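The structure under discussion appears below in the form of structure tokens.
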Amino acid sequence: MDTQPPIKIDGLINELKALAQISEAEPPVVTRVVFSEADLRARAYVKSLCAHAGLAVHEDAIGNTFARWPGTDPGLAPVGTGSHIDAIPNAGLYDGCVGVLGGLEAIRALQRIGFEPRRSIELVIFTAEEPTRFGLGCLGSRMMGSVLTPQQALALRDKEGRGLDELRAQAGFAGALESVALPAGRFHQFIELHIEQGPLLEQEGIDLGLVTSIAAPASLRVVIEGEGGHAGGKLMPGRKDALTAAAELILALEAAAKSSGAIDTVATVGVCEVFPGAVNSIPSRVRLETDIRDTDGVRRDSVLDALRSACHDVAGRRGVAITTELVNADPPTTCDTAILSAMEEAAMEAGRTYRKMVSRAYHDSLFMARVAPVAMLFIPCRGGVSHRPDEYAAPEWIESGVQVLARTLARLAS
Ligand code: HGY
Ligand code: MN
Ligand code: MN
């Protein structure tokens, strides 16, 4: 492509900032949990931008949103791009949103130079990429990829006990859940622009990451039932403290990840719910939500097994009851070489530096890979920081990513 698609980076930054103002928390903190009032306002804002760009917008039965730029050959499967706009509590403004608003800007830049795609180009905004509401990430793309059935989705509950049906109806989404699953071939290819959520690109001074594989995420729910009691009256011998038992499990999980033999193995306990949660009452029940990932599925599963055996060991030694529930254990995905080549050519054409790399975070592309060839394009984020309000991507990083995304989309859609 000899004409440089003109990226209006100032306008894009303003849109990202405007989107960030739509939050359940005080700006600059972004919190936007799926189906919340803020989520719905954010969706309305992004859909208005898509409509203003002349895209045909529609939503599926759980709010996955599709904004299509019709191609000259409507009979061909479209090329997709996009990401998510929901945000975990205490998040920043770039995670997901760069892929949605950056994808829109890539389309607008191609429109500005009069490019006419043969294949339609479709921007996708996935519902519930974050696990905050239901404890399971990528709800929308899992259902699109038929990784999560409607029955499994209907069984999910948030901490108030509300289910998908109730919440999606309140949000104004209707239709059979079966209709969310995409038929094979619905998309020709799919590419997602995202911040790296790691430090490598910035450290190495490289403009772009061409993602070759996406790590395999798993989540194990652990519930420890001990015996409560008075913090003063109950002496230490014979206690069945659920929280000290949980503490042993948390450290065992950390040790298992650190001793896996690979730097790619990570494990986190992000949720620790203590009951009754009174300072002078011995914890009788603890719920742990654990997050275990690796680029290698077998290694990841060995850490899951180490945690399960630690549960068995601690239960026996401490006389507590421990139950585990596997929330998800997804395989890693390998990105498509044809899309990677198109991205590489586009980066060279745009004069940007790049490197191949893995994605340690999971993304909707992990599940879109079930129905189409996928790849991801990373831009740096300052200090590798993400899932924090100080998450930051410099305008020149974003511009470089959108520029190469636009060129890649033009290649794939020609
Ligand atoms: O947790 C993740 O990897 C993603 O940011 N939801
Ligand atoms: Mn995230
Ligand atoms: Mn994300």
Side-chain angles (χ1 to χ4, degrees), residues 16 19-20 23-25 29-34 39 42 46 64 81-103 123-142 145 147-148 190-199 209 211 213-220 257 264-271 289-295 300 327-333 357-369 374-381 384-393 398 401 405:
L16 282 165
L19 182 53
S23 169
E24 295 158 55
V29 178
V30 181
T31 300
R32 223 170 15 240
V33 180
V34 69
D39 176 36
V46 175
N64 291 305
T81 189
S83 193
H84 62 97
I85 58 172
D86 62 318
I88 67 167
N90 199 47
L93 69 88
Y94 300 90
D95 175 5
C97 300
V98 160
V100 172
L101 294 178
L123 181 69
V124 184
I125 305 158
F126 295 96
T127 280
E129 191 273 351
E130 298 292 3
T132 314
R133 169 84 66 186
F134 294 115
L136 177 69
C138 296
L139 173 69
S141 49
R142 282 177 192 272
V147 172
L148 188 74
F190 183 83
I191 174 171
E192 181 172 3
L193 175 66
H194 205 286
I195 54 171
E196 178 195 341
Q197 297 179 305
V211 175
S213 69
I214 303 171
S219 182
L220 191 73
D264 289 331
T265 317
V266 289
T268 313
V269 178
V271 174
E289 300 288 350
T290 70
D291 179 310
I292 304 164
R293 311 185 194 193
D294 197 317
T295 51
R300 190 271 320 272
V327 177
N328 68 287
D330 304 293
T333 207
M357 62 195 298
V358 301
S359 171
R360 301 186 189 289
Y362 61 72
H363 301 281
D364 291 305
S365 294
L366 183 64
F367 302 101
M368 282 300 280
V374 305
M376 293 191 72
L377 183 61
F378 276 176
I379 63 168
C381 54
V385 165
S386 182
H387 283 190
R388 278 178 14 194
D390 54 336
E391 180 184 86
Y392 177 76
I398 298 171
L405 176 66

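Indexing begins at 1, ligand by ligand and atom by atom, following the structure's order. As the structure is a computational prediction, the values presented were derived from the model and not from experiment.
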Please tabulate, one line per pair, the protein nitrogen or oxygen atoms found under 3.5 angstrom from a nitrogen or oxygen of ligand 1, with distances to 0.1 Å, or say none if there are no such pairs.
residue  : atom  : partner : partner atom : Å
ligand 1 : 1 (O) : R293    : NH2          : 2.8
ligand 1 : 3 (O) : R293    : NH1          : 2.6
ligand 1 : 3 (O) : R293    : NH2          : 3.4
ligand 1 : 3 (O) : Y362    : N            : 2.9
ligand 1 : 5 (O) : H387    : NE2          : 3.2
ligand 1 : 6 (N) : E129    : OE1          : 3.1
ligand 1 : 6 (N) : E129    : OE2          : 3.1
ligand 1 : 6 (N) : E130    : OE1          : 2.9

Inset, instruction - Looking at H194, pick out the N, O or S atom nearest to the Mn ion (ligand 3) and give its name. - result: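 The H194 atom nearest to the Mn ion (ligand 3), restricting to N, O or S, is NE2.
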Legend entry - Residues forming a ring pair (Phe, Tyr, Trp, His ring centres under 6.0 Å) with F367, sequence neighbours excluded: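 F367: no ring pair (Phe, Tyr, Trp, His ring centres under 6.0 Å) contacts found.
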Inset, instruction - Would you please name every residue forming a ring pair (Phe, Tyr, Trp, His ring centres under 6.0 Å) with H363, sequence neighbours left out? - result: H194, F378
Legend entry - Salt bridge flag under 4.0 Å for residues R133 and D86: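 Judged by the 4.0 Å cut-off on N to carboxylate O distance, R133 and D86 do not form a salt bridge.
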Legend entry - Note, L19 side chain near L93 side chain (heavy atom, < 4.5 Å): no
Inset, instruction - Taking the side chain as every heavy atom from C-beta outward, state whether P89 and T132 have any atom pair closer than 4.5 Å. - result: yes
Inset, instruction - Could you verify whether a donor N or O on one side chain and an acceptor N or O on the other, from H387 and N90, lie under 3.5 Å apart? - result: no
Legend entry - Residue pair T268 / D291, side-chain donor-acceptor N/O under 3.5 Å: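 There is no such pair between these side chains.
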Inset, instruction - Taking all heavy atoms of M368 and all of V374, pick out the closest pair and write down the distance. - result: C-CG1, 3.7 Å
Legend entry - Nearest heavy-atom neighbours spanning A257 and A267: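 Shortest heavy-atom contact: CB-CB, 3.7 Å.
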Inset, instruction - Give me the protein N, O or S atoms that fall under 2.8 Å of the Mn ion (ligand 2), sorted by chain and residue number. - result: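 Metal shell, protein only: D95 OD2, E130 OE2, H387 NE2.
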Legend entry - Pair D264-R293, side chain to side chain contact (heavy atoms under 4.5 Å, CB included): steps then yes or no: CA-CA 8 Å; D264 289 331; R293 311 185 194 193; over 6 Å; no
